[in-house]
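These notes are about the structure you will find just below.
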Amino acid sequence: MIQFPKDFYWGAATSSYQVEGNNTNADWWSWEKEAGKEKSGPACRHYEFYENDFDIVKSLNHNAHRLSIEWSRVEPREGEFSQEAIQHYINVIMTLRVRGIEPMVTLHHFTNPIWFSESDGWLNPLCVKRFLRYCDVVTKALARHVHFWYTINEPSVYFSHAYLWGIWPPQAKSFFKMKAVHDNLNDAHVEAYRLIHKIYQEINIARPMVSIAHHMQAIVGCDQGLRNHWAVAMREYLYNLEIPNYLVKHKTLDFIGVNYYSRHLVDVHSWWIGNLLMEICKDNHHPLKKNFLGWDIYPEGLTQVLLSLKKYNLPVIISENGICTTDDNERWEYIQAHLKSVHLAMEQGVNVTGYLYWSLMDNFEWAHGYSPRFGLIDVDYNTQQRTIRESAKKFANVCQTGILEA
Ligand code: IFM
C-alpha cells in the first residue's frame, strides 16, 4: 500500500482547443483545412457542456483540474478583447471553485489567434509584447480565483514540431527559426511570470504559483558505449534541463510542471553532431509495451526525470501523464505504475505535490485527430455522450483516499 500526502492535488488536464470545439479564430482551425488533416470541428463541445463535465470531475473525487484559456477566443482580432469569452472563462473557473476543485490555468497551449500567426507568430519581434497584452487581460480577470498558472504548455514540443520538423503550423523547417522561437518563448515566460506576480501584488492577494508545463522524456542509452553515453548526457541537458535551468536562473519558476509520457531510446552510430543529438534506436532490441501511437510505456522513467529535477529544490506537479489506448485495463495499469514511480521519487526527496492525468476525456489529439483515446471519460463524438471508464473509477478511489493499493 502506498500513501500520498493528505493535501496532494489529484485531477486531470485538458486544453481548450482539444475539447471546446469550434475555435474558428485559431491558427490550427485554418491549418487543419489547408493541410488536409482531420478537423477538430465541435470536439467535445466542452465550451457548452463544461458544467456537466465538472459535475463528473467532482464525482471522480478530483480536487484539481488543469485547463487552458483559448487566446483566439479572448482576442479574436488584434487588440480587441471579447468580453463574452472572458466572462465565459470566469464562469468556468467559478464552476470549478464552487465544486471545491482547484483550477490550474494554462495561458498558451499550442494554438495562436490567426491574426498573430499571420503576422509571423512567434518569430515577430512583437510576439512577446502581444502575448503579454493578452496575459495582462486574462490575469486581471481571473486573479482572484486562480492560484496556479502555467504560462506555456510544452515549449520544446511546440518549437520543434512547428519550426524544426515542420509537422505543425506554420510548418517551418529551420534550425534558426526554431532557436528564435525557443528564445522568444523563454522571454515570454519570464515576462509573463513577472507580470502575473506584479498584478497579484497590486491587488494585494497571496503570491500565485507560476510555472510552465515542461515536456520531459526519460533519455536512455541502448548500451553503455562512449558515444551513447555522450549522446544521452547532451540530450538530457538540451531536451530536459536547459529550459528549467534558464527559468530557474531568472527566478521565474515557483514550481515545475512536468508532462511525462515515454522514453527516448538513444543508439548513435556516428560522432557527427546530428547523430549525437537526434539519432534514435531503430531496432527492436529493447521492446516495451507501446501506447496506441507507438510510444514506449516506461514508468520507471518518471522517477528518473523527477530525480533530475531534485537539484532545483522546487515543488513539482505532474501536469500531464497518460496513455492513449483502446484497452482501458492498460490505462489503469499505466496510472498505477506511474503513481508508484512518482512515490519512489518522493521517497528520495522530490517534493511532488500533485498528479494530473492526461486527459479528463477523449479529445482532439492534434495532427493525429480523434483516434487516440487518452480519456478517463469516453466521448462518443456522434452523440456527445460521456461514459466514465473503469480506470477513472479506480483512479477516483486513489483521489479520495490518497492510497494506492500496490
Ligand atoms: O494531447 C497532448 C497535449 O496537448 C500536450 N501534451 C501531450 C498530449 C498527448 O500527446
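- Note on R130 versus E75: no salt bridge recorded, every NZ/NE/NH1/NH2 to OD/OE distance being 4.0 Å or above.
- Note that R73 lies outside the cation-pi zone of Y89, set by a 6.0 Å cut-off to the ring centre and a 45° limit from the axis.
- For residues 182-191, the salt bridge (charged side-chain N to carboxylate O under 4.0 Å, His left out) pairs, not counting sequence neighbours, are K179-D183, E191-R194.
- For the pair R97 and E102, the salt-bridge criterion is met [side-chain N within less than 4.0 Å of a carboxylate O].
- Side-chain atoms of T326 and R373 form no donor-acceptor pair, as typed in the model, at a separation below 3.5 Å.
- Each ring pair (Phe, Tyr, Trp, His ring centres under 6.0 Å) pair with one or both residues in residues 294-314, not counting sequence neighbours, appears once here: Y261-W295.
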Test ring pair (Phe, Tyr, Trp, His ring centres under 6.0 Å) applied to H338 and Y355, step by step: CA-CA 10 Å; H338 284 78; Y355 174 91; 8.1 Å; no
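- Centroid-to-centroid, the aromatic rings of Y17 and H109 stay 6.0 Å apart or farther.
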Walk me through whether S319 and N259 qualify under side chain to side chain donor-acceptor pair (under 3.5 Å). CA-CA 5 Å; S319 35; N259 293 3; 2.7 Å; yes
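- When only modelled atom types and interatomic distance are considered, N186 and H250 share no side-chain donor-acceptor pair under 3.5 Å.
- Look at K394 and D328 and you find no salt bridge, because none of the NZ, NE, NH1 or NH2 atoms lies under 4.0 Å from a carboxylate O.
- We find that E202 and K140 are not joined by a salt bridge, their nearest charged nitrogen and carboxylate oxygen being 4.0 Å or further apart.
- No hydrogens or angles considered: nothing links the side chains of N228 and Q224 as a donor-acceptor pair under 3.5 Å.
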Ring pair (Phe, Tyr, Trp, His ring centres under 6.0 Å) for W71 and F131? Distances and angles first, verdict last. CA-CA 9 Å; W71 183 4; F131 179 63; 5.7 Å; yes
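- The aromatic rings of F8 and W10 lie tilted to each other, with the angle between the two planes from 30° to 60°.
- If you check the side chains of Y193 and H197, you find a donor sitting under 3.5 Å from an acceptor.
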Ring pair (Phe, Tyr, Trp, His ring centres under 6.0 Å) between Y239 and H215: does it pass, once the steps are laid out? CA-CA 9 Å; Y239 299 174; H215 174 78; 9.7 Å; no
Step by step, would you call L265 with C222 a side chain to side chain contact (heavy atoms under 4.5 Å, CB included)? CA-CA 6 Å; L265 202 51; C222 277; 3.7 Å; yes
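- Minimum heavy-atom separation, V305 to Y260: CG2-CD1, 4.1 Å.
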Apply ring pair (Phe, Tyr, Trp, His ring centres under 6.0 Å) to residues H88 and Y50 and explain how you reach the verdict. CA-CA 10 Å; H88 169 82; Y50 67 91; 5.2 Å; yes
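- Legend: residues meeting side-chain contact (heavy atoms from CB on, under 4.5 Å) with S117, ordered by chain and number and at least two apart, are D27, N112.
- Within a 6.0 Å sphere centred on CH2 of W165, heavy atoms belonging to other residues, nucleotides or ligands number 12 at most.
- When side chains are defined from C-beta on, D296 does not count as touching V220, because their heavy atoms never get closer than 4.5 Å.
- Side chains of W272 and E279: no donor on one and acceptor on the other come within 3.5 Å.
- Residues W122 and F116 are in side-chain contact: their nearest non-hydrogen atoms beyond the backbone lie under 4.5 Å apart.
- Considering F110, Y158, W366 as possible partners of W28, the one that fulfils the ring pair (Phe, Tyr, Trp, His ring centres under 6.0 Å) test is W366.
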